[in-house]
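Reviewing the structure listed below.
Predicted, not measured: the structure shown is a model, and the values here were computed from it.
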Amino acid sequence: MSTARATLAAEHRELTGKKVARLRRAGRLPAVVYGHGIASDSISVDAHDFEQLRRHTGPNALVDLSIDGKKPQPVLVSAVQVHPVDRRTLHVDLFVVRMTEELTVDVPLLAVGDAPAVSQHGGTLLHPIESIRVRALPDRLPQSIEFPVESLVDFDVTLHVRDLVMPADVTLVTDPDEIIAKVQAPRVEEAPLVAEVEIGEGAPEAGETAETAGAEAGESDES
């Protein structure tokens with residue numbers, strides 16, 4: 001299996017501020033590349049290429065970025081700004097990494113398997129946190145961390161960060177006592193109480209309306 005990193009071509013850009021709207025209309029996505037000891041540089045990338053990259057790589061995947069055809073350098077996508085309505089990508093921040101320098105990043109958690117407390121007892125699987133922070137070299141950063149939920153046999157069992165099996169060469173930063181999963185018991189709804197009312201004298205009987213009862217009473221008075 002190939003271990004080659006994804007690649008992305010970029011160009012220096014002079015347009016900044018509101019003028020970048022022209023870039024977007026031309027199918028280019030404004031971006032900034034920066035790093036430790038590296039001056040921030042304004043660039044643009046092909047919008048379609050970037051969306052394909054996001055679709056086929058994980059959140060902590062290294063990307064070889066080439067600017068103006070020069071030698072590629074490894075970067076991480078550190079921030080993506082999207083439109084609040086149509087979720088279209090508007091701007092990207094790319095961080096140049098040093099392969100010998102550890103990074104601290106957030107890694108998504110993925111629950112796998114079947115929780116008996118859910119399938120057999122009708123509970124709801126809860127995820128108090130959906131990611132953890134770890135530290136590792138750039139080429140050791142995990143894309144996600146899976147954890148089995150078969151041990152959640154009832155509503156009293158809780159899984160913590162300390163229960164995760166961490167990949168090699170990855171250091172946990174998040175508090176190990178943080179809860180990552182538990183099952184909430186189903187709510188039991190009580191049936192509403194229906195008060196019993198005695199039908200007294202003069203009350204209309206079943207099938208008799210108040211109007212008909214009143215009319216009959218009037219006829220009786222006349223007779």
* Going by the salt bridge (charged side-chain N to carboxylate O under 4.0 Å, His left out) test, which pairs reach into residues 37-51, not counting sequence neighbours? -> none

* Asked: Looking at residues at least two apart in the chain, or sitting in another chain, which of them share a side chain to side chain contact (heavy atoms under 4.5 Å, CB included) with Glu101?
  -> His36, Arg98

* Sequence neighbours left out, what passes side chain to side chain contact (heavy atoms under 4.5 Å, CB included) with Arg22? Give chain and number order. => Leu15, Lys19, Arg25

Got a sec, which residues hit salt bridge (Lys or Arg N to Asp or Glu O under 4.0 Å) with [X], two or more places apart in sequence or on another chain?
| X | value |
| --- | --- |
| Arg28 | Glu11 |
| Asp86 | Arg88 |
| Glu146 | none |

* Considering all heavy atoms, the nearest Ala115-Val183 contact -> CB-CG2, 4.4 Å

* Structure fact -> Smallest heavy-atom separation, Phe155 atom then Ala117 atom, equals CE2-O, 3.7 Å

[X] with [Y], same ILVMFWY side-chain cluster at under 4.5 Å:
| X | Y | result |
| --- | --- | --- |
| Ile129 | Leu125 | yes |
| Ile43 | Phe95 | no |
| Val20 | Leu29 | no |
| Val157 | Ile180 | yes |
| Val134 | Leu159 | yes |

* Step by step, work out the side-chain contact (heavy atoms from CB on, under 4.5 Å) result for Arg135 and Leu103. => CA-CA 5 Å; Arg135 186 173 62 252; Leu103 299 173; over 6 Å; no

* Rounded distance (nearest 0.5 Å) linking atom CZ of Arg24 with atom NE2 of His83 -> 9.5 Å

* **Sub-4.5 Å side-chain heavy-atom contact between Ile132 and Ile145** => yes

* To do: For the residue pair Phe147 and Asp163, establish whether any side-chain heavy-atom pair is separated by less than 4.5 Å.
  => no

Show me, pair by pair, the donor-acceptor contacts under 3.5 angstrom made by side chains of residues 164-179, not counting sequence neighbours?
| from | atom 1 | to | atom 2 | distance (Å) |
| --- | --- | --- | --- | --- |
| Thr174 | OG1 | Arg133 | N | 2.7 |
| Asp175 | OD1 | Asp177 | N | 3.0 |
| Asp177 | OD1 | Arg162 | NH1 | 2.6 |

* **Connected-component partners of Leu137 among ILVMFWY, side-chain separation under 4.5 Å** => none

* To do: Quick one: name the residues clustered hydrophobically with Leu110, using the 4.5 Å side-chain heavy-atom rule over I, L, V, M, F, W, Y, and just say none if it's on its own.
  => none

* **Pairwise side-chain hydrogen bond (donor to acceptor under 3.5 Å, both in side chains) hits with a residue in residues 116-132, at least two apart** => Asp114-Ser119

N/O donor-acceptor pairs under 3.5 Å from side chains in residues 69-81, not counting sequence neighbours:
| from | atom 1 | to | atom 2 | distance (Å) |
| --- | --- | --- | --- | --- |
| Ser78 | OG | Tyr34 | OH | 3.1 |
| Ser78 | OG | Asp93 | O | 3.2 |

* Asked: Can Arg13 and Val32 be said to form a side-chain contact (heavy atoms from CB on, under 4.5 Å), step by step?
  -> CA-CA 10 Å; Arg13 65 178 168 94; Val32 171; 3.9 Å; yes

Identify every side-chain donor-acceptor pair in residues 54-65 under 3.5 Å, counting partners at least two apart or on other chains, and give the distances.
| from | atom 1 | to | atom 2 | distance (Å) |
| --- | --- | --- | --- | --- |
| His56 | ND1 | Gln52 | O | 2.8 |
| Thr57 | OG1 | Leu53 | O | 2.7 |
| Asn60 | ND2 | Asp106 | O | 3.3 |
| Asn60 | ND2 | Pro142 | O | 3.1 |
| Asp64 | OD1 | Arg5 | NE | 3.0 |
| Asp64 | OD1 | Arg5 | NH2 | 3.1 |

